[in-house]
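The following block contains the structure, expressed as structure tokens.
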Number of protein chains: 2
Amino acid sequence: MKRLTNQKITILDFLRGTKIHPTAEEVYLNVQKNLPRISQATVYRILDEFVKENLIKSIPGKKTRFDGNDIVHQHFICKKCGKLTDIYDGALDKYLNKKKNLVADGTVDDFEITFYGRCKKCS
Amino acid sequence: MKRLTNQKITILDFLRGTKIHPTAEEVYLNVQKNLPRISQATVYRILDEFVKENLIKSIPGKKTRFDGNDIVHQHFICKKCGKLTDIYDGALDKYLNKKKNLVADGTVDDFEITFYGRCKKCS
DNA sequence: CTGCATGCAAATAGTTTGCAGTAGC
DNA sequence: GCTACTGCAAACTATTTGCATGCAG
């Protein structure tokens, strides 16, 4: 990060404090409460920067979602209602961390697993 | 599939026979060789249908990619050059298939893991 | 023949970019 | 003070949609 601006602080604070995996627009709407003059372009630029610096993760999809939870975890998406839930499973993380060094023709430094199905409400 | 049209046959044939994980546009350009009057809208509509019917998989990203390889496999994406490679690892698939029933608060019927890193060329 | 599927063009939506002004360091 | 960062509006691009016509069943 070259310069630490108010916009960056506010966005990172928001992402660290939420579990909703917000879209760029949701970040914009929330951050706007504290910085009424912020623009969507700035939000996009800052989110891109954070992803490149590995401060947050981006979850691709129709609308990209952003995850500021810095504890290792995986995702579960309900196919019916689209809800995204965090999964914490130490054994899974450990297993995949071992695997990642064997699996590809190159160097793996990261992985991402998403489970798809139906949440309790939609079952 | 309600009706089996020439467009659907041609698109599925192409997807079953390629390993390039084409975007909707690449599907369009290739299929056009055989069906010069096909439109992009049709390609998008048919791809969506195939994904819903689980005939193919969609790989989200800036441009969605489509994977018609019906053998179970996972993905490796090079962060540098963006290349997408298939990973075949029976043990990994087996492990995840067991895990998927324990991991989420709901019913999991599918999962998708992507490894990120640098391919041999970019290392 | 019936109505789902297609082609075309226009519309939409998410994201990116150019530029002039602003503010970290 | 230098120059990266921001806000604004316009541009861009992937994808979707409305509608008239075509073709599978």
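Letters A, B, ... are given to chains in the order of the sequence lines, protein chains preceding strands, and every chain is numbered from 1.
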Handout entry: Whole angstrom value for the distance that separates C1' of C:dA23 from CG of A:L4
Key = 13 Å
Exercise for the section: Take the protein atom CD1 of B:I9 and the nucleotide atom P of C:dT6, then report the distance between them rounded to whole Å. Expected result: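 Taking atom P of C:dT6 as the reference, CD1 of B:I9 is at 11 Å.
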Handout entry: Separation of atom NZ in B:K8 from atom P in C:dA5, rounded to whole Å
Key = 5 Å
Exercise for the section: Round to a whole Å and report the spacing from CD of B:E49 to P of C:dA5. Expected result: 6 Å
Exercise for the section: To the nearest Å, give me how far apart CG (A:N6) and P (C:dG24) are. Expected result: 7 Å
Handout entry: Exercise: identify the closest heavy-atom pair between B:I20 and B:R65
Key = O-NH1, 3.8 Å
Problem - Side-chain H-bond candidate by donor/acceptor type, A:Y28 with A:Q32, under 3.5 Å - result: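 Yes - a donor-acceptor pair under 3.5 Å links their side chains.
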Problem - side-chain contact (heavy atoms from CB on, under 4.5 Å) evaluation trace for A:M1 with A:F50 - result: CA-CA 8 Å; A:M1 204 172 329; A:F50 284 176; 4.0 Å; yes
Completion exercise
With B for base contact, S for sugar-phosphate-only contact and - for none (protein heavy atoms under 4.0 Å), nucleotides 11-20 of chain C reads ---SBBBB--
Practice task
State yes or no: do A:V103 and B:Y88 share one hydrophobic cluster built from I, L, V, M, F, W and Y residues joined by side-chain heavy-atom distances below 4.5 Å, directly or via other members?
Solution key: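 In one cluster with A:V103: B:Y88, no.
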Exercise for the section: Calculate the interatomic distance between B:L35 atom CG and C:dC8 atom P; express it in whole Å. Expected result: 12 Å
Handout entry: Minimum-distance nucleotide to B:T5 side chain [options: D:dG7, C:dT6, D:dT3]
Key =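 Looking only at side-chain atoms, B:T5 lies closest to C:dT6.
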Exercise for the section: Report the nucleotide, chosen from C:dA5, D:dA4, D:dT6, that has the shortest atom-to-atom distance to any side-chain atom of A:R3. Expected result: D:dA4
Exercise for the section: Side chain of A:S39 only, please: which of D:dC5, C:dG7, D:dG7 is the nearest? Expected result: D:dG7
Exercise for the section: Salt-bridge test for B:K19 and B:D86: reply yes if a basic N is under 4.0 Å from a carboxylate O, no otherwise. Expected result: no
Problem - Check: A:K94/A:N97 side-chain N/O donor and acceptor closer than 3.5 Å - result: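 Their side chains do not contain a donor-acceptor pair, so the 3.5 Å distance test is not met.
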Completion exercise
Atom CZ of A:R37 and atom P of C:dG21 are separated, to the nearest Å, by 14 Å
Practice task
Rounded to the nearest angstrom, tell me the gap between atom CD1 in B:I38 and atom P in D:dG22.
Solution key: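 Rounding to the nearest Å, CD1 of B:I38 and P of D:dG22 are 17 Å apart.
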Problem - Listed once per pair and sorted, the salt bridge (charged side-chain N to carboxylate O under 4.0 Å, His left out) pairs that draw on residues 32-46 of chain B, sequence neighbours left out - result: none
